[in-house]
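Presented below is the structure to which this report refers.
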Amino acid sequence: MGFKEDADFARFLSMGVYAADAITQDLERNHGHRIIELERYAKANKVWQTKVKRMRLPDLMCVSCGRRFESKGKTKLEIKLSDSTLPGRSWRDGGMRLDDIFAFARVDMKASPVSVSNLVYVTRQSLEDALGSSKEGNRKSVSEGSEMDRRWPMWTPAYAGEVVAVDDGLRKVRVTKGTGTYLYGSGSRWAAFHTLAVGTAFEAGQPVAFCFRMADSVACAGDGSWSWQQDLLSTDEDIRFPAIKAARFLGAEPVEDILIGIADDESNDWRLRLEAHASLAPTRPASVAALLVLAECAGSTDEVRMEAVFSLSEIDTEEAAEALHSVASSIEPAVPEEVRAAAAWGLGTGARKAPAKLMRLVNDPSRLIATHAAAVMPSDLPQECLDELLNWLHTDDLRRAATAAHLLAERDLVAELVNALQTAPEDVRKLIVLALGDTSREAVAGLLSGLDPESRAGIYTLWAKNDDWLRQPDTDGILEALKLQTLRR
Ligand SMILES: [Zn+2]
């Protein structure tokens with residue numbers, strides 16, 4: 001996939017990220033949970049080509065009570081889950097126990113900032129009870145594993161109002177609508193009929209009547225309600241994995257020996273072993289070293305390398321940052337470019353930011369690594385990095401100079417660029433003018449008088465882009481795109 005397709009896909013993934021984040025906030029603030037990502041990257045939208053086949057588990061978990069949450073965000077609020085006839089692939093699989101919670105939300109990506117609303121919490125038990133009312137969506141081909149959607153019907157008026165009366169016998173609900181009322185009667189087709197209580201006010205888009213029982217309480221049962229240390233000893237991977245993951249947040253020291261045992265036992269699934277190291281690594285350099293070996297050694301598969309790199313990115317220690325830099329700059333042919341790029345990414349977006357290390361990667365001969373490093377360079381650069389960037393503007397290395405010009409312009413460091421213009425080599429001066437053309441007009445305007453006439457003329461020409469209606473964000477490339485569609489034989 002090209003980087004433009006990746007960006008489109010990332011936008012699609014963002015919807016799930018916003019939903020998972022809003023659900024996390026609600027569960028923590030209003031219900032007392034302490035939520036972690038049970039599935040790594042549940043709350044990130046970075047697209048990678050190397051797919052890591054993770055344990056089939058929900059995306060979120062509370063480390064206090066051990067309850068698991070599967071979050072779903074869509075443009076339209078629907079109680080819809082993907083389902084399949086293949087063993088282990090039905091809607092109820094994936095590590096959801098009967099009292100675990102499916103959390104649904106409506107995500108408005110067009111709002112600015114993006115808004116998430118109408119949260120609905122349902123236990124798996126409630127969805128099981130209402131299975132008779134659920135409907136299968138279109139089934140895809142058998143070759144796709146008979147994938148389909150399963151939907152549990154409900155009624156969500158598009159207006160705000162209040163519940164006036166509920167007739168459980170006839171399965172009808174009357175609500176206020178503007179100055180009048182509206183009677184909803186389609187619930188008679190469901191096996192069970194649940195509604196908001198009489199007198200309850202509702203917002204536009206909030207479910208009023210539904211074929212399932214909403215979770216009465218999603219409150220956290222509190223510390224001590226989950227015997228996670230015992231779960232570490234379970235023979236069931238679905239039980240054991242969350243406990244290993246939680247250990248990092250609950251204190252790995254008391255269970256260090258158990259975790260080391262899990263990490264060292266070759267009969268365990270690789271994901272359990274890697275996660276045990278990930279939980280030990282913040283306080284145990286030997287586990288950082290073990291993760292580095294997994295990322296770099298010749299015997300690892302690409303998904304193991306990626307997961308090891310992602311784990312190292314979560315650790316806020318100097319050893320972990322060193323390890324990431326080692327992977328990112330690896331000359332080992334067995335280490336794929338994308339694994340190196342992921343390590344660079346971790347140095348900018350991970351637990352420990354390392355701009356000085358990223359500086360050594362932004363001019364890597366591999367375009368993939370150099371661009372990943374440059375994209376995640378912190379916006380606030382330490383002085384020594386700035387000094388180095390300015391040095392690059394005074395070399396004959398045009399690749400280096402271009403990197404520096406971009407990184408400075410992105411940060412609106414206009415005065416620095418203008419100063420460099422006076423002294424930079426001829427070819428580099430042109431790159432600096434180009435970069436100044438990308439910065440905000442207001443930032444540059446005040447400094448124009450100090451420039452030589454040629455550079456000034458160059459910047460004015462670049463600004464003319466704003467006056468060209470075919471070079472605006474919504475029209476740039478439009479003619480080429482239309483010409484591609486003139487084929488007619
Ligand atoms: Zn909890």
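These numbers come from the heavy atoms of this one structure, side chains and all, not from hydrogens, waters or symmetry mates. Counting starts at 1 for both ligands and their atoms, following the listed order.
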Rounded to the nearest 0.5 Å, what separates atom CD1 in Ile23 from atom CZ in Phe69?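 Separation between the atoms: 10.0 Å.
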Original post:
Do the side chains of Arg67 and Trp226 get nearer than 4.5 Å, heavy atoms only?
Top reply: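 Not in contact.
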What pairs of residues pass the salt bridge (Lys or Arg N to Asp or Glu O under 4.0 Å) test when at least one of them lies in residues 87-108, not counting sequence neighbours?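 Listed once each, the pairs are Arg92-Glu128, Arg97-Asp100.
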query = Taking the six-membered ring for Trp, are Tyr184 and Trp155 ring centroids under 6.0 Å apart?
reply =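 Distance test on ring centres: under 6.0 Å, yes.
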- Task: Output, by chain and residue number, all protein N/O/S atoms separated from the Zn ion (ligand 1) by less than 2.8 Å.
- Result: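 Protein N, O or S atoms closer than 2.8 Å to the Zn ion (ligand 1): His33 ND1, Cys62 SG, Cys65 SG, Cys220 SG.
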Is Lys72 close enough and on-axis enough to Phe104, meaning under 6.0 Å and within 45°, for cation-pi?
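Not satisfied by the 6.0 Å and 45° rule.
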How far apart are the C-alpha atoms of Arg284 and Ser287, what are their side-chain angles, what is the distance that settles it, and do they pass the side chain to side chain donor-acceptor pair (under 3.5 Å) test?
-> CA-CA 6 Å; Arg284 183 174 180 264; Ser287 280; 2.7 Å; yes
